Protein chains: 2
Amino acid sequence: MAESVVLDTVDLQILRLLQNDARTTYRELAAEVGVAPSTCLDRVTRLRRTGVILGHQLRLDPAKLGRGLEALLLVQVRPHRRELIGPFVERIRALPESRALFHLTGPDDYLVHVTVADPADLQRLVLDEFTSQREVARVETRLIFQQWECGPLMPPGAGPSLSAV
Amino acid sequence: MAESVVLDTVDLQILRLLQNDARTTYRELAAEVGVAPSTCLDRVTRLRRTGVILGHQLRLDPAKLGRGLEALLLVQVRPHRRELIGPFVERIRALPESRALFHLTGPDDYLVHVTVADPADLQRLVLDEFTSQREVARVETRLIFQQWECGPLMPPGAGPSLSAV
DNA sequence: GCTGAAATCTGTCGGCG
DNA sequence: CGCCGACAGATTTCAGC
């Protein structure tokens, strides 16, 4: 599980470029980074094998899919025991409205990022899937005005090379 | 901006498959969906052009990049006026630790998802980039025990067809 | 890590239903 | 008008060095 991975500048440049556009061809990567296309393929294959790259994801516009309203739900699950939170997590993950789920420290045990059609849809979701459940002690709903994805994920102090576990 | 988009079962199947693996070839998509590869290309091109597909993203493992600790920061920005929140948002987005930023309703104005190396790194981030700033009235830090991405994003009541805006 | 070549894929085009 | 099938160009992938 704790496999050691060493990343050099070539790896980091490739990752930065692919985060900018995950469909960049090996040819283009090679031209930018200054190595052969096959080397880029080798690097990317290794980054996938070692688990640095987890996968390629499609970014969709929820509004275009009829889910123009987004919200974060802060949820207390009580009692906070494995027998209850296991099924809770699986149930929430399976909801078509759920985009992401976080298990947190602090007064709220879980944060759920949901996408719904409109306020009525959100109300239905909160009432039918959260507050109606025995293990859900409290739900706090926060609407999302706007959201931003931030810059590329890079190692701290992105020097010329580093080792991570 | 409010371009009308109609999605049929073929589009929805393609989106579902591409969310599972964004690098699925048109050939494979065609085989699964039961249409010609060129038709899949046409559909995907149209989905890109109409803004349903926003782009292709690389999913990376923060832990493998030396950012094994993740947290959510709840931030109050006061006074909550455009002159202050504009620069605040840009500054937070530019931090290498920031993964995502949400502008919310409720007592906390912003939620920031951050990835750091360790608790000392988190402490530095909170003190130097948040509480030290004049406009930041309050910061609440919640560590992330575990997180899950949820199922594919699909339209509400994913019937055989739908129209979205 | 590179080169080069084979296999595969992408994207275009004209035609068909 | 959208779907199909074939084609040319580009990309991926794999030996061998």
Side-chain angles (χ1 to χ4, degrees), chain A residues 3-61 64-66 155 158-164, chain B residues 2-60 64 154-155 158-165:
Chain A
E3 185 182 0
S4 192
V5 183
V6 179
L7 304 172
D8 63 11
T9 22
V10 173
D11 292 312
L12 294 179
Q13 278 185 274
I14 289 175
L15 288 177
R16 187 151 28 220
L17 290 165
L18 284 177
Q19 280 182 90
N20 188 265
D21 176 8
R23 297 201 328 165
T24 308
T25 64
Y26 295 122
R27 175 189 277 265
E28 284 177 299
L29 289 177
E32 291 278 348
V33 177
V35 295
S38 59
T39 303
C40 287
L41 173 64
D42 289 343
R43 296 305 189 100
V44 172
T45 303
R46 193 168 67 88
L47 290 168
R48 290 184 138 276
R49 187 174 44 76
T50 56
V52 177
I53 296 175
L54 295 172
H56 290 248
Q57 225 177 13
L58 209 59
R59 233 156 42 77
L60 301 181
D61 184 348
K64 291 283 170 63
L65 289 163
S161 84
L162 84 155
S163 69
Chain B
E3 186 182 1
S4 192
V5 183
V6 179
L7 304 172
D8 64 10
T9 21
V10 173
D11 293 311
L12 294 179
Q13 279 186 272
I14 289 174
L15 288 178
R16 188 152 26 219
L17 290 165
L18 284 178
Q19 280 181 90
N20 188 265
D21 175 8
R23 295 199 331 164
T24 309
T25 64
Y26 297 121
R27 214 169 258 273
E28 286 176 298
L29 289 178
E32 291 279 348
V33 176
V35 295
S38 56
T39 302
C40 285
L41 174 64
D42 288 342
R43 295 306 189 100
V44 172
T45 304
R46 193 168 65 88
L47 290 168
R48 290 182 140 278
R49 186 174 45 76
T50 55
V52 177
I53 295 176
L54 295 172
H56 292 249
Q57 219 177 15
L58 210 59
R59 234 157 42 76
L60 301 180
K64 291 283 170 63
M154 281 288 138
S161 84
L162 84 154
S163 70
V165 179

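None of these values were measured; they are calculated from a predicted model. Just so it is clear: chains get the letters A, B, ... in the order the sequence lines come, proteins before strands, and each one is counted from 1. No hydrogens, no waters, no symmetry mates; every other heavy atom, side chains included, goes into these values.
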Review point. Is there a side chain to side chain contact (heavy atoms under 4.5 Å, CB included) between B/Leu7 and B/Met154 once you walk through the steps?
Key: CA-CA 11 Å; B/Leu7 304 172; B/Met154 281 288 138; over 6 Å; no

Check your understanding: B/Asp11 and B/Val6: which non-hydrogen atoms are nearest, and at how many Å?
Key -> OD2-O, 3.9 Å

Check your understanding: Can you tell me how far the CD atom of A/Glu28 sits from the CZ atom of A/Arg23, to the nearest 0.5 Å?
Key -> 10.5 Å

Exercise for review: Answer with base, sugar-phosphate or nothing: what part of the nucleic acid does B/Ser38 contact at a heavy-atom distance below 4.0 Å?
Suggested key: base

Exercise for review: Using whole Å, report how far CG of B/Leu29 lies from P of C/dG11.
Suggested key: 12 Å

Check your understanding: More 5' along DNA chain D: A/Asp42 or A/Arg27, using each one's nearest nucleotide?
Key -> A/Arg27

Study note, to complete from the structure: A/Glu32 and A/Gln13 have their tightest heavy-atom pair at O-NE2, 4.2 Å

**Study point:** More than 12 heavy atoms of other groups within 6.0 Å of B/Arg46 CZ
**Key:** yes

Exercise for review: Return yes when atom CZ of A/Arg27 has more than 12 non-hydrogen atoms of other residues, nucleotides or ligands closer than 6.0 Å, and no otherwise.
Suggested key: no

Study note, to complete from the structure: Of A/Arg43 and A/Arg23, the one whose closest nucleotide on DNA chain C sits nearer the 5' end is A/Arg43

Point to revise | Span of DNA chain D, from the first to the last nucleotide whose atoms fall under 4.0 Å of chain B heavy atoms | key: D/dC3 to D/dG5

